Structure formats: C-alpha cells, structure tokens
**Student:** 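Let me give you the structure first, and then I'll get to my questions.
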Amino acid sequence: MSLPAFFAPRGGAATGRRGHPGAALAAALLGFFVITLDALVVNVALPAIRTDLGGGITGLQWVVDGYTLMFAALLLSAGSLSDRIGARRAFGLGLVLFVAASAACGLAPNLASLIAARLVQGAGAAAMMPTSLALIREAYTDPVKRGRAVALWAVGGAVASAAGPVAGGAATLISWRVIFFINLPVGMVALALLAFAARSPHRLVPFDAVGQISAVLAMGALTFAAIEAGSAGLPQVWAATLLTLAAAAVFVRAQARGQHPMVPLALLRHRTVVIACGAGFAFMAAFYGMVFVFSIYLQQQRGLSAPATGLAFVPMTVLSAFINPLSARAAERYGPRVPIVCGMFLMSGGLLLLALVPAGTPTWALALLMLPVGMGGPLAMPPTTALLVNSVPAQQTGTASGVFNTSRQLGGALAVAVFGSLIADQTHVLPGLRLSLLLAALTTLAAGTAGLYLRAAPAGPRTGETAAIPAPAPPLTETRCEKETPR
C-alpha cells in the first residue's frame with residue numbers, strides 16, 4: 001500500500017471502516033512524539049541559535065512561541081476539520097505540513113525565516129493533535145481499552161519529553177539544525193502506519209470563520225503583549241492588550257450567537273471539560289515554562305554547555321516516561337480524580353522547592369529537585385485526557401480535544417512569554433527565575449484544588465471484574481450530521 005493511500009477518497013484496499021487499531025495508535029503516538037519533541041528540543045538549543053542567527057531574548061521567545069501560538073490558535077478549527085474530513089485524512093495532511101515545515105526550519109538562513117517556519121510547523125501540529133485522539137477514539141470502542149490506549153499514546157509525549165532536552169543539547173555539538181531534521185524519518189514512518197489505519201467517518205461541520213479569526217487575533221495579541229512587555233514601548237503593549245480584549249469579546253459573541261460555533265458554549269459549561277482544560281493549561285505552563293527558564297539560566301548564568309544542560313533534565317524526564325504508563329492503572333483502581341489531584345499537587349510542591357533553594361545549589365541537586373515535577377505531570381495528564389475523551393459524545397471528540405489542547409498550548413505559550421520577560425534583564429535573572437517558578441507553583445496548586453471537584457469514580461477492576469467507568473455525559477450540543485462516510 002502506498003504511503004499517500006489515506007488521501008484517496010474512495011476505492012482500493014483501504015475502503016471501509018475496518019483497519020488495524022494498533023496502526024492507528026502507533027501513528028498517533030509518533031505524531032504526539034514529534035509534536036512534543038519540537039516543543040522541548042528547541043529550548044536547550046536557544047543559545048546556539050542566538051549565536052548563529054542573532055537576536056535577543058525576545059527573538060528566542062518567538063522561536064518557541066511562534067510554534068506554540070499557532071498550535072494553540074488553530075487547534076479549535078482543527079477539531080472541526082477532524083470532524084469534517086475525517087480524523088485519518090486530517091492527521092495525514094497535518095503530518096505532511098509538519099514535516100515540510102521542519103525541513104524549512106533546519107534550512108532557515110536567518111531568525112525571521114526560522115520563526116516563520118515555526119509558525120507553519122505549529123499549524124501542522126494543530127491539525128495532528130486533536131485528530132490523533134480522534135483516531136484512538138475510533139479505533140478502540142471499549143472505554144477501558146481506550147483508556148490504556150490513551151496512556152500508551154501519552155508515552156509518545158513522555159519519551160519526547162525525556163529525549164528532548166538531551167537531544168537538543170547533543171544536536172548542538174553538530175548543529176542546532178539537526179534537531180529539526182529528526183522529524184523527517186519519524187514523520188515518514190507515521191505516514192506508513194497511517195495507511196493501515198481504518199478510514200474515519202466525516203460529518204458536515206460548517207467552518208466558523210469569525211470565531212477562528214478572532215481566536216487567532218486574541219491569542220496572538222495576548223502573546224505579543226506578554227513577550228514585548230519588557231522591550232516594546234508602553235503604547236504597543238496597551239494596543240495589543242486592547243486588541244486581545246476586543247478579539248476575545250468578538251469570539252465569545254460568535255460562539256454564543258453564531259449558527260455554527262466552533263466551540264459550543266455548552267461544552268464549556270461541562271464541569272469535567274473545564275477542569276480538564278485547567279489542568280492541561282497548568283501542566284504546560286509549569287513544565288514548559290520551567291524547562292525554558294532553566295535552559296537559559298543554566299547556560300547563560302552558570303556557564304553550562306548545551307549537552308550538560310540537557311543532562312540536567314534527564315532524571316526528571318526519564319522518570320516521566322516511566323510514570324506515564326502507570327497512571328492509567330492508577331486511574332482504573334482509584335478513579336481519575338486521585339492521580340489528577342496528586343499529580344498537580346506534586347508539581348506544585350516541586351516547583352515551590354526549586355523557587356526557594358539557595359542560589360549556590362549544585363546543578364545535580366537542582367536536577368533531583370525537579371523529580372516531583374517529573375512525577376506529577378505524567379501522573380495527572382493521561383487520566384485527564386482519558387476522562388475528557390470519555391466525557392463527551394463521540395461526535396464531539398474532535399472539538400473537545402481541540403479545546404483541551406488549545407488550553408494546553410496557550411498555557412505553554414503564555415509561560416514562555418511571561419517567564420521570558422521576567423528573566424530578560426540579565427542583572428536580575430535569578431529573581432526572575434524564582435518568581436517564574438512561584439507563579440507556576442500557584443497555577444498547578446489551583447488546578448489540583450479544582451480537581452477535587454471532579455466527580456469521584458469507583459475503584460477500578462479487580463480480578464474477573466469489568467472496569468467501572470463513568471457513563472459518557474449526555475450530548476452537549478449535537479453536531480449537525482447529515483451523512484457519515486468513511487474516509
């Protein structure tokens with residue numbers, strides 16, 4: 001079977017709904033791997049990029065946030081795209097765009113070209129992320145198997161998190177450009193696997209142009225205001241803030257009164273969806289924000305090399321890879337609320353310790369103090385994701401996944417923007433670092449507290465029993481569905 005088989009509308013061996021669930025899961029896992037890798041691998045290589053292409057801390061923030069901003073801004077429409085053309089085809093299109101943009105990043109001649117390619121890369125990632133979860137939802141109809149599949153899917157992100165800082169540091173020994181070329185072979189393997197996945201149903205879902213444009217404007221202006229607060233003039237920052245508020249108001253109005261809202265407001269009144277999105281926002285703000293500020297701090301203030309900086313994150317990220325598969329079992333046994341709340345509180349405690357340690361703390365001790373952060377995130381996120389997927393009707397999986405991952409990426413983008421501004425003054429890097437970590441600790445503490453309000457689920461299966469999974473919530477807002485054709 002040829003690699004582009006999934007683009008064919010009908011005919012051929014792939015026609016029909018039958019396919020290999022393992023192929024869909026493997027493709028989704030690899031997609032999540034490269035998406036997460038490119039969010040992390042760049043951080044350690046930032047000083048090398050600055051040396052090669054120039055630019056200050058603001059330029060480096062845009063290298064990171066150009067990716068996460070476009071990722072977050074287009075995720076909402078990506079969920080609708082998944083419903084409209086089918087998760088399989090949407091995932092394939094996003095993957096092709098992502099791989100092409102990765103090659104452009106590796107070949108970028110200047111900082112502006114790199115940032116532009118990162119924007120396109122983020123657009124490809126936006127198409128892939130919600131569709132990867134939709135592929136899993138379609139491949140596994142049993143809630144227990146689906147929860148375990150989601151946990152395996154999360155391994156892709158966990159391995160990328162573990163490998164990202166080390167890979168970024170090691171790649172700089174050759175060239176920082178290598179970190180983007182890694183995506184090419186991984187992407188080709190994912191495309192090959194996708195050809196064996198079942199075709200996905202598609203539904204008639206109109207495009208919400210007003211909602212999408214206003215969402216891009218609101219997120220872009222907010223990120224600009226946060227990044228440029230330390231360098232741009234006050235009038236520009238105030239103008240960006242006003243644009244954020246105006247665009248956000250237009251977005252809310254479009255979702256409330258539009259005939260075909262991109263985000264049905266009923267979805268945002270669902271307690272599980274709101275708490276899951278808050279947990280995702282807090283996790284990304286804390287984890288990615290911490291990696292960003294420590295990558296700058298360890299290299300520019302402590303004089304560590306890029307490989308040594310990458311190694312400082314290894315204990316935390318390797319532990320994350322081991323915790324991820326265990327979190328699904330914990331959720332089955334104790335219900336999802338326990339690992340979600342414990343994970344968020346673990347992250348908060350670890351970040352608080354890091355913020356309060358003395359300035360002369362050895363690097364190896366900092367690496368050990370990161371361990372609670374490495375435990376908490378992967379303990380909380382897989383059950384959060386599985387709970388979200390199981391709490392919405394099948395026809396809204398793409399939309400709900402888009403909302404969830406938008407909150408995650410927005411958390412990461414704002415953390416890099418705000419924390420980067422706090423450490424922009426080279427004479428006050430350590431106070432800015434500590435304030436950043438305190439803000440991250442408060443964010444995860446709030447998410448953990450909100451998790452206490454999740455409805456408790458029964459303990460998981462014992463020998464010979466069937467897992468007790470809460471029944472899916474009733475439909476929130478039905479998606480218009482006039483026909484359903486496998487694609």
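Remember, it's a predicted structure, so these values are computed and weren't measured experimentally.
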**Student:** What are the two closest non-hydrogen atoms of Leu445 and Ser348, and how far apart are they?
**Tutor:** CB-OG, 3.5 Å
**Student:** Tell me the closest heavy-atom pair linking Phe281 and Leu410, and the distance in Å.
**Tutor:**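 Between these two residues, the closest heavy atoms are CE1-C, 4.0 Å.
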**Student:** Does anything in residues 35-46 pair up under side-chain hydrogen bond (donor to acceptor under 3.5 Å, both in side chains), and if so which pairs, sequence neighbours excluded?
**Tutor:**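 Listed once each, the pairs are Asp38-Gln121, Asp38-Asn183.
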**Student:** Rounded to the nearest 0.5 Å, how far does OG1 of Thr131 lie from CZ of Arg88?
**Tutor:** 12.5 Å
**Student:** Measuring from Leu243:CG to Leu217:CG, what's the distance to the nearest 0.5 Å?
**Tutor:**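 Nearest 0.5 Å value for the CG-CG distance: 5.5 Å.
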**Student:** Using side-chain contact (heavy atoms from CB on, under 4.5 Å) as the criterion, point out the one residue from Val64, Val63, Thr68, Thr223 that pairs with Val416.
**Tutor:**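 Between Val416 and the candidates, side-chain contact (heavy atoms from CB on, under 4.5 Å) is satisfied uniquely by Val64.
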**Student:** Tell me, please, which residues at least two apart from Phe32 pass ring-ring contact (aromatic ring centres under 6.0 Å, His included).
**Tutor:**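 Only Trp153 meet the ring-ring contact (aromatic ring centres under 6.0 Å, His included) criterion with Phe32.
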**Student:** Does the Arg271 side chain pair with the main chain of Tyr453, one donor and one acceptor, at a distance under 3.5 Å?
**Tutor:**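 Yes.
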**Student:** Between Phe283 and Phe287, how do the two ring planes meet: parallel, tilted or perpendicular, split at 30° and 60°?
**Tutor:**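 Because their plane-to-plane angle is under 30°, the rings of Phe283 and Phe287 count as parallel.
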**Student:** Which heavy atom of Val34 sits nearest a heavy atom of Tyr67, and at what distance?
**Tutor:** O-OH, 4.5 Å
**Student:** Is there a donor-acceptor contact under 3.5 Å from the side chain of Gln212 to the main chain of Ala73?
**Tutor:** yes
**Student:** Could you tell me whether the side chain of Thr443 and the main chain of Ala282 form a donor-acceptor pair under 3.5 Å?
**Tutor:**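 Not a single qualifying donor-acceptor pair exists.
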**Student:** Rounded to the nearest 0.5 Å, how far apart are CZ of Arg337 and CD1 of Ile275?
**Tutor:**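 Output value for this atom pair is 10.0 Å.
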**Student:** For Gly412 and Asp65, work out which heavy atoms get closest and say how close.
**Tutor:**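 Scanning both residues completely, I find the closest heavy atoms to be O-OD1, 4.2 Å.
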**Student:** What's the spacing between Ile423 CD1 and Phe292 CZ if we round to 0.5 Å?
**Tutor:** 5.5 Å
**Student:** Could you tell me the separation between the CZ atom of Phe404 and the CD atom of Gln409, rounded to the nearest 0.5 Å?
**Tutor:**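 Between Phe404 CZ and Gln409 CD, I get 10.0 Å after rounding to 0.5 Å.
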**Student:** Return the CD1 to CG distance between Ile227 and Leu222, rounded to the nearest 0.5 Å.
**Tutor:** 10.0 Å
**Student:** Evaluate the side chain to side chain contact (heavy atoms under 4.5 Å, CB included) criterion for residues Leu191 and Met188: first the C-alpha distance (whole Å), next the side-chain angles of each, then the deciding distance (0.1 Å), finally the verdict.
**Tutor:** CA-CA 5 Å; Leu191 283 172; Met188 295 303 297; 4.3 Å; yes
**Student:** Show the nearest heavy-atom pair for residues Arg408 and Met284, with the distance to one decimal.
**Tutor:** O-CB, 3.0 Å
**Student:** Might you point out which heavy atoms bring Ala285 and Phe419 nearest each other, and give the distance in Å?
**Tutor:** O-CE1, 3.8 Å
**Student:** Can you check whether Met290 reaches Met347 side chain to side chain, under 4.5 Å on heavy atoms?
**Tutor:**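 No, too far: nothing below the 4.5 Å cut-off.
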